[in-house]
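To keep things clear, I will list the structure first and then write my remarks on it.
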Amino acid sequence: MTNPPTDRPEEAPLNPALKSRTDTTYNTSTTTPAPFDTASAKEGEGKGWPIIWLVVTLICVALAIYFIV
């Protein structure tokens with residue numbers, strides 16, 4: 001038969017290397033602003049990208065049709 005455990009689970013965890021500790025690596029006393037507040041994009045910047053992607057997509061589709069046919 002098995003022997004009854006003599007230690008409580010708190011005193012003898014499954015992995016003794018995993019002990020409860022407080023991580024002090026990161027400073028959590030200060031908060032940082034939201035990414036939206038710190039974005040550096042100006043108003044209207046990047047509005048041309050949809051057109052660029054449309055042209056690139058149409059060129060790729062045309063090349064694919066050319067190579068298939």
Side-chain angles (χ1 to χ4, degrees):
M1 293 210 165
T2 61
N3 294 332
T6 56
D7 294 332
R8 294 188 319 205
E10 299 87 27
E11 295 172 358
L14 293 176
N15 187 349
L18 297 175
K19 295 181 180 175
S20 174
R21 63 182 175 86
T22 303
D23 188 7
T24 58
T25 305
Y26 302 103
N27 181 8
T28 59
S29 62
T30 59
T31 59
T32 58
F36 183 76
D37 296 335
T38 60
S40 62
K42 307 293 184 252
E43 184 69 30
E45 190 174 317
K47 285 189 176 183
W49 281 108
I51 305 247
I52 293 169
W53 282 113
L54 178 65
V55 170
V56 169
T57 303
L58 291 175
I59 291 171
C60 290
V61 167
L63 285 173
I65 291 171
Y66 175 75
F67 288 133
I68 290 174
V69 175

Between NZ on residue Lys47 and CD on residue Glu45, distance to nearest 0.5 Å: 11.5 Å

Given Ile59, Ile52, Leu58, the one that forms side-chain contact (heavy atoms from CB on, under 4.5 Å) with Val55: Ile59

Other residues, nucleotides, ligands: >12 heavy atoms within 6.0 Å of Leu54 CG: yes

